[in-house]
Amino acid sequence: MFEVKNISMIYDMDTDEKMYALNGFDLKLPDKGLIGIIGPSGSGKSTLMYCLSTLKKPTEGSVLYNGKDITQISDKERENLRKNDFGFVFQKHYLVPYMNALDNVLVAGNPKDKDAVSRAKQHLSDLGLKEREFKKKPAKLSGGQCQRVAIARAMSNDPKVIFADEPTASLDHENAFNVMNILKKYSENRLVLVVTHDKSILNDVDMLIEMWDGTISDVHDRL
Ligand SMILES: Nc1ncnc2c1ncn2[C@@H]1O[C@H](COP(=O)(O)OP(=O)(O)O)[C@@H](O)[C@H]1O
Ligand SMILES: [Mg+2]
């Protein structure tokens, strides 16, 4: 589904010394499965994920998604792609503080979608939230619960791809494993990419991409 060709990303283009956050590599990803991207801080993990998800445009190279180079599409096409095909989970949950859990899940959805509420409730309960917690605002929920609400929000439009950048970094071990189990389950039919510097949460991945200094140093394909 994704095919990356000769991708480079240079930040700070005006300085004499070029800093390659991504330094010219190719990568092919399967249509579904749980993909772990691991590597030390600064190795380019987030940059790669942002280039795949169109949040950033690489300096060079192409990113083919279902055969189409998504580095070259219009702003409108990019917006549609993110809205219809992609879901995002970040280290911080970025929930809207004055909205309750359920409304936070619904916030990205189409207001005309009549089934959205029942689907959102289903996602929240699948993720282990109790009915009484649906009406609570983020400040009244624990960190793990907030992150699960953020995952329910990312899943609310049934995206084909979920991009998760350090989704467990602010969680204790038990919640980190819960979150990974949820993402694993979702990846049975969809593609889920998880960036982390914590190898211990990646036991169950179908493919492990190791990054080092802007390049891919190793790929373990267990599919
Ligand atoms: N917006 C930016 N401007 C300048 N340099 C950046 C920016 N974002 C990341 N970098 C640099 O690019 C490199 C890769 O960063 P990043 O993709 O965030 O790595 P990781 O997610 O693996 O920690 C790092 O050296 C980082 O300092
Ligand atoms: Mg990062």
Side-chain angles (χ1 to χ4, degrees), residues 2-29 33-65 70-71 75 78-79 81-82 86-95 143-144 146-147 150-151 153-154 159 161-173 175-177 179-180 182-184 187 191-221:
F2 275 105
E3 193 173 353
V4 171
K5 290 183 182 165
N6 192 30
I7 196 171
S8 292
M9 181 68 160
I10 308 170
Y11 292 112
D12 289 323
M13 294 283 281
D14 0 298
T15 58
D16 287 348
E17 207 178 329
K18 286 185 174 178
M19 219 293 295
Y20 282 88
L22 300 177
N23 199 351
F25 58 82
D26 300 341
L27 178 66
K28 245 186 185 165
L29 297 177
L34 181 62
I35 317 291
I37 303 176
I38 192 145
S41 177
S43 57
K45 305 182 298 296
S46 295
T47 304
L48 172 60
M49 189 129 89
Y50 296 160
C51 287
L52 287 170
S53 60
T54 75
L55 294 178
K56 284 196 165 117
K57 187 174 171 353
T59 315
E60 262 182 69
S62 51
V63 177
L64 304 183
Y65 175 69
I70 55 174
T71 66
D75 290 350
R78 212 174 2 254
E79 196 184 302
L81 193 60
R82 284 185 210 154
F86 297 165
F88 295 91
V89 183
F90 299 98
Q91 176 176 350
K92 280 183 63 188
H93 54 69
Y94 296 114
L95 297 180
C146 285
Q147 195 60 313
I151 293 173
R153 179 184 56 189
V161 189
I162 288 185
F163 296 95
D165 193 355
E166 308 270 5
T168 64
S170 56
L171 303 179
D172 60 49
H173 234 60
N175 277 304
F177 275 100
V179 162
M180 287 310 295
I182 292 153
L183 293 174
K184 175 73 188 175
S187 75
L191 185 65
V192 178
L193 279 96
V194 179
V195 159
T196 183
H197 57 264
D198 178 7
K199 208 165 188 163
S200 73
I201 63 160
L202 294 179
N203 292 327
D204 240 2
V205 293
D206 300 304
M207 184 177 177
L208 184 66
I209 298 168
E210 291 188 27
M211 292 200 67
W212 181 266
D213 214 7
T215 59
I216 292 177
S217 54
D218 209 353
V219 176
H220 307 269
D221 198 342

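Start at 1 with the first residue, then count along the sequence. Note that ligands are numbered from 1 as they come in the structure, with each ligand's atoms numbered from 1 the same way.
- Other residues, nucleotides and ligands contribute over 12 non-hydrogen atoms within 6.0 Å of the NZ atom of Lys184.
- Judged purely by distance below 3.5 Å, without hydrogens or angles, the side chains of Thr47 and Tyr11 pair a donor atom with an acceptor atom.
- When side chains are defined from C-beta on, Leu29 counts as touching Ile209, because their heavy atoms get closer than 4.5 Å.
- When side chains are defined from C-beta on, Ile162 does not count as touching Leu193, because their heavy atoms never get closer than 4.5 Å.
- Side-chain N or O atoms of Lys45 include none that pairs as donor or acceptor with a backbone N or O of Met211 at under 3.5 Å.
- For Ser41, every N, O or S atom stays at 2.8 Å or more from the Mg ion (ligand 2).
- For the atom pair NZ (Lys57) and CE (Met9), the distance works out to 10.0 Å, reported to the nearest 0.5 Å.
- Protein residues with any heavy atom under 4.0 Å from ligand 1: Tyr11, Met19, Ala21, Pro40, Ser41, Gly42, Ser43, Gly44, Lys45, Ser46, Thr47.
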